[in-house]
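Structure, as structure tokens:
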Amino acid sequence: MDIQIVVSMIEHEVIYWSDETLLNVSNFMAEPNPGIYEDSHSVIKYGFTWTVNSEQLGEKVVFSIENIQLSVEFNPLLSWIRMSEFNEDLLKHEQGHFDLAEIIKRQHQKIFENEFYNKHFPTRGQNDAQRKQFAKEDSGKMISSEIEKLNLYLNKKRDEYDEETEYGKNISEQKKYDEIFNKLRE
């Protein structure tokens, strides 16, 4: 029985954005925060995977970064909806946060490629095993630094979305965003 609980929690750790994925009320698993004005809260972040290669260039060992895959991740265990205020419009507004993150991800994918692809970065270490390990570690730190900037930008855009739509209560403004978000699934 303990194993089933662990597996269940792992399944709900994050939900990755896809054009088939729509959030539902059961995805909001945290307890509402009574000290916050909002009727709902979604924790959405960017994640990534990448490939790092190291090679000998003359006297130096360098590494290159390829195949950066950005992902939009919704965290159910940290996201909540105040059930006394729940309605489909509120859920749709929260889906908008998720969709907004996907739009921003798509806009920034090329920036990541320009920043890292077709470039060589110095590596450190005394032997091949250390150099490979440091190349993996250093490349991860470099990409993480850019992901942090992207998460800050997302937070700024989410605040703008909330202000413009008055947390989904301004129907005409919410409708404008909904039209943009619907294009993600076309």
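Since the model is a prediction, treat every value here as computed from it, not as a measurement. Scope of the values below: all heavy atoms of this structure, side chains included, with no hydrogens, waters or symmetry mates.
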- Item | Donor + acceptor pair across side chains of W17, S71 (<3.5 Å) | no
- Message: Evaluate L22 against Q95 for side chain to side chain contact (heavy atoms under 4.5 Å, CB included), listing each step before the verdict.
- Response: CA-CA 7 Å; L22 292 175; Q95 178 68 45; 3.8 Å; yes
- Task: Give a yes or no on whether a salt bridge exists between K183 and E186, defined as a side-chain N under 4.0 angstrom from a carboxylate O.
- Result: no
- Taking NZ, NE, NH1 and NH2 as the nitrogens, is one of them in K92 or E88 under 4.0 Å from a carboxylate oxygen of the other? no
- For the residue pair T123 and V62, what are the closest heavy atoms and their distance? CG2-N, 4.2 Å
- S172 versus N170, closest heavy-atom pair with distance: OG-OD1, 3.1 Å
- Let me see the working for M83 and I81 under side chain to side chain contact (heavy atoms under 4.5 Å, CB included), right down to the final yes or no. CA-CA 6 Å; M83 290 311 292; I81 287 182; 4.3 Å; yes
- Measuring from I143:CD1 to D138:CG, what's the distance to the nearest 0.5 Å? 11.0 Å
- Item | Residue among F86, F98, W80, F74 satisfying ring pair (Phe, Tyr, Trp, His ring centres under 6.0 Å) with F28 | F74
- Using a strict 4.0 Å threshold on nitrogen-to-oxygen distance, state whether E85 and R82 make a salt bridge. no
- Answer whether the closest heavy-atom distance between the side chains of V72 and K45 falls below 4.5 Å. no
- Message: When you group the ILVMFWY residues by side-chain heavy-atom contacts below 4.5 Å and let the links chain together, are I104 and I180 in the same group?
- Response: yes
- Considering all heavy atoms of both residues, which atom of F48 and which atom of G140 are nearest to each other, and what is their separation? CZ-O, 3.8 Å
- Give a yes or no on whether a salt bridge exists between D178 and K175, defined as a side-chain N under 4.0 angstrom from a carboxylate O. no
- Message: Students often mix this up, so state it plainly: with edges at 30° and 60°, are the rings of Y167 and Y37 parallel, tilted or perpendicular?
- Response: perpendicular
- Query: Is the shortest heavy-atom distance from the side chain of Q109 to the side chain of L70 under 4.5 Å?
  - Reply: yes
- Start with the C-alpha gap between S42 and R158, add the side-chain angles, then the distance that decides, and say whether side chain to side chain contact (heavy atoms under 4.5 Å, CB included) holds. CA-CA 10 Å; S42 298; R158 284 180 59 151; 3.9 Å; yes
- So CD of E55 and CG of N53: to nearest 0.5 Å the spacing works out to 7.5 Å
- Item | Minimum heavy-atom distance V52-A135, with the two atoms named | CG2-O, 3.8 Å
- Query: Hey, quick one: are V43 and I15 part of the same hydrophobic cluster, counting side-chain heavy atoms closer than 4.5 Å, chains of contacts allowed?
  - Reply: no
- Hey, does H108 have a side-chain heavy atom less than 4.5 Å from the side chain of Y153? yes
- Query: When rounded to the nearest 0.5 angstrom, what is the spacing between CD in E163 and CD in E173?
  - Reply: 12.0 Å
- Message: Going by side chain to side chain contact (heavy atoms under 4.5 Å, CB included), name the residues that satisfy it together with F121, two or more places apart in sequence or in a different chain.
- Response: F63, I65, F116, K119, M142
- Task: Could you tell me whether the side chain of Q174 reaches within less than 4.5 Å of the side chain of Y161, counting heavy atoms only?
- Result: yes
- Using side-chain hydrogen bond (donor to acceptor under 3.5 Å, both in side chains) as the criterion, list what pairs up with S54, not counting sequence neighbours. none
- Looking just at side-chain N and O atoms, do T51 and E66 make a donor-acceptor pair shorter than 3.5 Å? no
- Take T165 and H93, measure what side chain to side chain contact (heavy atoms under 4.5 Å, CB included) needs, and give me the verdict at the end. CA-CA 9 Å; T165 63; H93 178 75; 3.1 Å; yes
- N/O donor-acceptor pair under 3.5 Å between Q56 side chain and G58 backbone: yes
- CG on N27 to CG on N75, rounded to 0.5 Å: 11.0 Å
- Query: Closest approach of Q126 and R131, non-hydrogen atoms and distance?
  - Reply: O-NH2, 3.6 Å
- Task: For the pair Y177 and F181, name the ring-plane relationship: parallel under 30°, tilted 30 to 60°, perpendicular over 60°.
- Result: tilted
- Item | Test: D39 and K169 ion pair at under 4.0 Å | yes
- Taking Y117 for its side chain and I68 for its backbone only, find out whether a donor-acceptor pair lies under 3.5 Å. yes
- Is it true that E137 and R124 make a salt bridge, defined as a side-chain N closer than 4.0 Å to a carboxylate O? yes
- Query: So how far is it from I111 CD1 to K149 NZ, rounded to the nearest 0.5 Å?
  - Reply: 10.5 Å
- Message: Using side-chain heavy atoms (C-beta onward) and a distance below 4.5 Å, is Q69 in contact with W50?
- Response: no
- Message: For the residue pair E38 / S40, report whether a side-chain donor-acceptor contact shorter than 3.5 Å exists.
- Response: no
- Task: Report yes or no: do Y46 and I103 belong to one cluster of Ile/Leu/Val/Met/Phe/Trp/Tyr joined by side chain heavy-atom distances under 4.5 Å?
- Result: yes
- Query: Are Q130 and D128 close enough that a side-chain donor and a side-chain acceptor fall under 3.5 Å?
  - Reply: no
- Query: Got a sec: does the CD of E31 have more than 12 other heavy atoms crowding it under 6.0 Å?
  - Reply: no
- Between D19 and R185, what is the shortest heavy-atom contact and its length? O-NE, 3.2 Å
- Query: Counting heavy atoms not belonging to N118, are there more than 12 under 6.0 Å from its CG?
  - Reply: no
- Note on the structure: Rounded to the nearest 0.5 angstrom, the CD-CG distance for E164 and D159 is 11.0 Å
- Query: Side-chain contact, heavy-atom cut-off 4.5 Å: I44 with E73?
  - Reply: no
